[in-house]
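In the text below, chain A, chain B and the rest are named by the order of the sequence lines, each starting its count at 1.
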2 protein chains.
Amino acid sequence: MAADAHDSPPRRRDAQDNRERLVAAAREVFAESGFEVPLDAIARRAGVGRATLYRNFPDRYALGSAIFEHNLAALEALARAHARDPAAFTALLSAIIEQQIASHALVPALLSGPTAPDLHALRSRMIRLLAGPLRRAQAAGAIRPDLVSADVLAVIAMISAAVLHAPSVAARRRRAARALQLMLDGLVPRT
Amino acid sequence: MAADAHDSPPRRRDAQDNRERLVAAAREVFAESGFEVPLDAIARRAGVGRATLYRNFPDRYALGSAIFEHNLAALEALARAHARDPAAFTALLSAIIEQQIASHALVPALLSGPTAPDLHALRSRMIRLLAGPLRRAQAAGAIRPDLVSADVLAVIAMISAAVLHAPSVAARRRRAARALQLMLDGLVPRT
DNA sequence: GCACAAGTGGACAGTGGTGTCCATTTACGG
DNA sequence: CCGTAAATGGACACCACTGTCCACTTGTGC
């Protein structure tokens, strides 16, 4: 899972560059055209041949994992930064949505059934990452006590759905904010 | 829009039967395999050739519209039945979700951008259908007063997303109920 | 610089879905 | 019954995407 740099003979610099370019291109293209975009487009955007893409990532989900991995590291850092903050949970939720707006890869990766092998590990990390903040938010009375991990994944999927078909990034942000507001407050008026 | 039975020369009975079989098959297949299923599968299920399918419905969305039309009629009947009930809104919401569980065609049809021509009319009917019950629910204090039509479509999309990847119809129902509960009450505890 | 392996990308065949065409079948009116 | 036109469905050509192969190019250690 973290055996990158020490046991295999070091890769050529250009090869490593291409790999990074591919991940960056994938993030962009997924954001523009959704997760089901043809892989051709990603290779073209990265300025490499198809073969290079397939050599680095056997399929679409491997690419998704790479992006997901990257995002997850950022979220874990954020969680550590808010280690004692009862508002960490909602901050993480916002960050996750923002990532979804930027890449469109996270949620399909999160939800896809048993399609993906290592993807399951990433999903577990995501759940583990949220467990602490969720518990703290519940203890502080900020989040309903009956909310469980599966609910949180569902909530993420739900807000993503509200965002999906928006025409622009700005529109996506607006809709995400509204959806999060409705989700937190509920449709039934308070007091 | 409702010029079916009087101006064109009456169609042959078998042709009409086939058309109905196709719609029924489409509803089943969409429910089992999602809206993006190959049209072959629908023709096979209906026991007709591909050409017959294409003659009746130029594309996937025409099929979606036909199902949608049918569902919408049922919802309009339901709305009339609850014409004075302040709980009509939530009843309609539940019914819509239930339809989505049963067909998977409604929400993609509702959301798809400018892809579809007559589909826009159906979406408008849906919004109009919900407007009255929404206003009544708001007047009764059952639904937050700032909720607008666009929000309602978003809410429908959100709950559908929570349901999408469930392995069975029973699981879908369970998840739909939970999502609706979270949506109505909100994630933040009450009182 | 040079040799050599790592890496590349265009070309290629395979696959699955779409939409159309036409010889044959089937319902309907007389 | 029979003639006719509507209707059918399998065959066909088409297209987009996938995944692999191999002759060539490019970094890297000496």
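- Mapping A/D14 and A/R60 onto DNA chain D by nearest heavy atom places A/R60 closer to the 5' end of the strand.
- The interatomic distance linking A/D17 (CG) with C/dT8 (P) rounds to 10 Å, in whole Å.
- Tracing side-chain contacts under 4.5 Å through hydrophobic residues (I, L, V, M, F, W, Y), one never reaches B/L164 starting from B/L153; they form parts of separate clusters.
- Base engagement by A/D40 is indicated by at least one non-hydrogen atom pair under 4.0 Å involving a base atom.
- Comment: B/D185 does not engage A/R190 in a salt bridge, judged by the lack of any side-chain N to carboxylate O separation of less than 4.0 angstrom.
- Contact between the side-chain N/O atoms of B/R11 and the OP1/OP2 oxygens of D/dA7 is not found at any separation under 4.0 Å.
- Sorted by first and then second residue, the ring-ring contact (aromatic ring centres under 6.0 Å, His included) pairs with a member in residues 67-95 of chain A form an empty list; sequence neighbours excluded.
- A salt bridge links A/R178 with B/D146: at least one charged nitrogen is closer than 4.0 Å to a carboxylate oxygen.
- Ion pairing between B/R172 and B/E98 fails under the 4.0 Å rule for side-chain N and carboxylate O.
- Test A/L78, A/L130, A/N71 against A/I96 for side-chain contact (heavy atoms from CB on, under 4.5 Å) and you get one pass: A/L130.
- Proximity of residues 43-59 of chain B to DNA chain D (heavy atom under 4.0 angstrom from any strand atom) is restricted to B/G47, B/V48, B/G49, B/R50, B/A51, B/T52, B/R55.
- Between the CG atom of A/L39 and the C1' atom of D/dA16 there is a distance of 13 Å, rounded to whole Å.
- The listed nucleotides are C/dT8, D/dT18, C/dT26; the one nearest the side chain of B/R12 is C/dT26.
- Counting heavy atoms from C-beta on, the side chains of B/E69 and B/R125 come closer than 4.5 Å.
- Taking only side-chain nitrogens and oxygens, B/N18 comes nearer than 4.0 Å to OP1 or OP2 of D/dT8.
- Within residues 20-35 of chain A, no residue approaches DNA chain C, by heavy-atom distance under 4.0 Å.
- The backbone N or O of A/A87 lies less than 3.5 Å from a partner atom in the side chain of A/T90, making a donor-acceptor pair.
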